[in-house]
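Structure first, commentary second.
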Amino acid sequence: MNIRAFFKKIAERARCRRLGLEFPLFCKVHGVRKGDAQGALAQSRAGDELQIVHVPVENYPYNVYVYNIELNRVLGYLDNGLAETLVRAFGRGFCRDARIEEITGGPPEYKYFGCNLRILDTMAMMAPYLDN
């Protein structure tokens, strides 16, 4: 780790402490009824590797998508309050690892699938999929 990365990590940890973030974070995925999220959730399993990625969109500057690495699909997004806190802690355009804790709901008992996840303070899960 170079000296710049070392100090960046220290600054991130200080911001997390100031904002009251303790990892791992447990939360649920929002927006699971939209788009193709239901199909992606039906194919997902507990333990799947995820990335949470800040991608601002019009009218939602703190939008954070939940992306399933193995399926190469977006499952939904994070609650706006948590997303804003994470952007304040890690900066715009951040990316962090997460895992599916459990898939909830689903047919026949419930109309929709849902997803609970565990957000980690790492960025290593996507590394094997990136070009060197």
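Numbering of residues begins at 1 and proceeds along the displayed sequence. Excluded from the calculations below are hydrogen atoms, water molecules and symmetry mates; all remaining heavy atoms, backbone and side chain alike, are included.
Side-chain contact between E49 and R99: present, with at least one pair of heavy atoms (C-beta onward) separated by less than 4.5 Å. Counting heavy atoms from C-beta outward, Y65 and L78 have side chains that stay 4.5 Å or more apart. Inter-residue side-chain proximity for Q43 and R73 is flagged as met; some heavy-atom pair is nearer than 4.5 Å. K9 places a side-chain heavy atom less than 4.5 Å from the side chain of R13. With a 4.5 Å cut-off on side-chain heavy atoms, I119 and P24 do not count as touching. Side-chain contact between L50 and L75 is present, with heavy atoms from C-beta onward closer than 4.5 Å.
Partner of C115 under the side-chain contact (heavy atoms from CB on, under 4.5 Å) criterion, out of D48, V66, N68, I103: I103 alone.
Judged purely by atom type and a 3.5 angstrom limit, R118 has no side-chain atom pairing as donor or acceptor with the backbone of E101. Judged by distance alone, with hydrogens and angles left aside, the side-chain atoms of N63 form a donor-acceptor pair with the main-chain N or O of V55 at under 3.5 Å. At least one donor-acceptor pair under 3.5 Å links the side chain of Q38 to the backbone N or O of F113. Between the side chain of R45 and the main chain of A42, a donor-acceptor pair closer than 3.5 Å is present.
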List the steps and the verdict of side-chain contact (heavy atoms from CB on, under 4.5 Å) for N116 and I100. CA-CA 6 Å; N116 295 325; I100 293 178; over 6 Å; no

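For the residue pair A89 and R15, the shortest heavy atom distance occurs at O-NE, 2.8 Å. In terms of heavy atoms, Q51 sits closest to D97 at NE2-OD1, 2.5 Å. Shortest non-hydrogen contact noted between A37 and G31 is CB-O, 4.1 Å.
Transitive grouping of hydrophobic side chains (ILVMFWY, heavy atoms separated by less than 4.5 Å) keeps L21 and V53 in distinct clusters. Residues L120 and L86 do not share a hydrophobic cluster, clusters being chains of Ile/Leu/Val/Met/Phe/Trp/Tyr side chains in contact below 4.5 Å. With hydrophobic clusters built from ILVMFWY side chains whose heavy atoms lie under 4.5 angstrom apart, L82 shares a cluster with L117. In terms of hydrophobic clustering, with Ile, Leu, Val, Met, Phe, Trp and Tyr side chains grouped at heavy-atom distances under 4.5 Å, V87 and I52 are assigned to a common cluster. A single hydrophobic cluster is not seen to contain both L25 and Y77; linkage of ILVMFWY side chains at heavy-atom distances under 4.5 Å, directly or through other members, places them apart.
Separation of atoms CG (D36) and CG (L71) is listed at 10.0 Å; rounding is to 0.5 Å. Remark: L19 CG to E84 CD distance equals 10.0 Å, nearest 0.5 Å.
Atom OH of Y60 is surrounded by 12 or fewer heavy atoms from other residues, nucleotides or ligands within 6.0 Å.
In this structure, R96 is positioned above the aromatic face of F90, its NZ or CZ under 6.0 Å from the six-membered ring centre and within 45° of the axis.
Below 30°, between 30° and 60°, or above 60°: for H54 and Y62 the angle between ring planes is between 30° and 60°, a tilted geometry.
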